[in-house]
Amino acid sequence: MFTGIITDIGEVTAVVAGDQTGDQRFTIATRFDMDNVDLGASIACSGCCLTVTSKGKANGRGWFTVDVSGESLSKTTLGTWTVGRRINLERSLKFGDELGGHLVYGHVDGVARIGSITPEGGSLRYVFDAPPALKAFIASKGSVAIDGVSLTVNEVDGARFGVNIIPHTQRETTFGTARAGDPVNLEVDMLARYVARQLEGRSS
């Protein structure tokens with residue numbers, strides 16, 4: 001489980017086909033002290049909960065590898081990752097840690113796309129196009145995780161929704177280099193999913 005508060009921007013340094021058909025292994029460089037990260041630990045990589053399969057240090061930076069199934073590659077943006085890709089990283093939540101964002105599970109629900117980016121005051125207004133099947137789980141003033149970043153929804157119009165991203169978040173995440181048209185990993189708020197399920201049950 002995670003909070004959606006990004007603590008490092010990593011970089012993909014190698015992409016290798018895995019042992020199983022369609023799988024891939026990514027090597028990711030990070031500022032994390034990998035001495036304090038166990039093999040088998042979970043790290044959210046741009047919103048996807050992935051397992052550390054090997055780790056080490058090189059050229060003054062830590063690195064770790066993750067194995068990704070063909071299914072995950074097809075359902076997330078990971079299938080487009082190449083060497084040099086910058087990704088948002090967050091280590092898993094420990095009991096007693098501050099919950100600064102909202103509870104994020106690292107289970108991507110679908111791929112959204114950035115529809116537009118416009119200045120608004122001191123921040124930027126991002127408008128996203130979500131998969132139509134997920135629009136029922138996105139509510140104004142509710143929470144979503146975009147590429148692993150916990151964000152508050154400002155307004156919803158069908159499958160489109162907008163958020164404001166402040167300069168700090170732009171600097172500390174990959175939103176600082178995002179462009180309109182980019183695909184992003186979307187995880188809806190689990191509470192919204194449960195509420196929608198309850199309402200669905202009452203109407204049936």
4.5 Å side-chain heavy-atom contact, Glu172 and Thr7: no
Distance-only, no hydrogens or angles: does the Asp8 side chain make a donor-acceptor pair with backbone N or O of Arg31 under 3.5 Å? yes
Residues passing the side-chain hydrogen bond (donor to acceptor under 3.5 Å, both in side chains) test with Asp67, sequence neighbours excluded, are Arg25
Smallest separation among heavy atoms of Ile117 and Ala178, with atom names: CD1-O, 3.7 Å
Within-4.5 Å side-chain heavy-atom neighbours: Tyr105 and Cys49: no
Looking only at heavy atoms, the pair that brings Leu186 and Pro131 closest together is CD2-CD, 4.2 Å
Just by modelled atom types, is the Arg61 backbone N or O under 3.5 Å from a matching donor or acceptor in the Asn59 side chain? no
In terms of side-chain heavy atoms, does Thr173 have a donor or acceptor partner in Asn88 at a distance below 3.5 Å? no
For the residue pair Phe64 and Met34, what are the closest heavy atoms and their distance? CB-CE, 3.6 Å
For Phe26, is there any backbone N or O sitting under 3.5 Å from a side-chain donor or acceptor partner on Thr65? no
With a 4.5 Å cut-off on side-chain heavy atoms, are Thr3 and Ser150 touching? no
Please list, chain by chain and in numerical order, all residues satisfying side-chain hydrogen bond (donor to acceptor under 3.5 Å, both in side chains) with Lys75, sequence neighbours excluded. none
So does Gly148 get a backbone contact from the side chain of Glu187, meaning a donor-acceptor N/O pair under 3.5 Å? no
Closer than 3.5 angstrom, by distance alone: can the side chain of Asp109 be matched with the main-chain N or O of Val188 as a donor-acceptor pair? yes
Between Thr13 and Thr27, is there a side-chain donor-acceptor contact under 3.5 Å, judged purely by atom types and distance? no
State whether the side chain of Thr76 and the backbone N or O of Ser72 hold a donor-acceptor pair below 3.5 Å, judged by distance alone. yes
Using the salt bridge (Lys or Arg N to Asp or Glu O under 4.0 Å) criterion, which residues pair with Arg113? Sequence neighbours excluded. none
Would you mind listing every side-chain hydrogen bond (donor to acceptor under 3.5 Å, both in side chains) that reaches into residues 126-136, with sequence neighbours excluded? Asp129-Arg160
I'd like to know if the side chain of Lys57 reaches the main chain of Gly62, judged simply by a donor and an acceptor atom lying under 3.5 Å from each other, with no hydrogens or angles considered. no
With a 3.5 Å distance limit and no angle check, can you tell me whether Gln24 reaches the backbone of Ala17 through a side-chain donor-acceptor pair? no
Judged by modelled atom types alone, do Ser143 and Asp189 share a side-chain donor-acceptor pair under 3.5 Å? no
Regarding Asn164 and Ser123, is there a side-chain donor-to-acceptor distance under 3.5 Å anywhere? yes
Listed by chain and number, what are the salt bridge (Lys or Arg N to Asp or Glu O under 4.0 Å) partners of Arg125, not counting sequence neighbours? Glu120, Glu155
Under the ring-ring contact (aromatic ring centres under 6.0 Å, His included) rule, collect the residues that match up with Trp63, sequence neighbours excluded. none
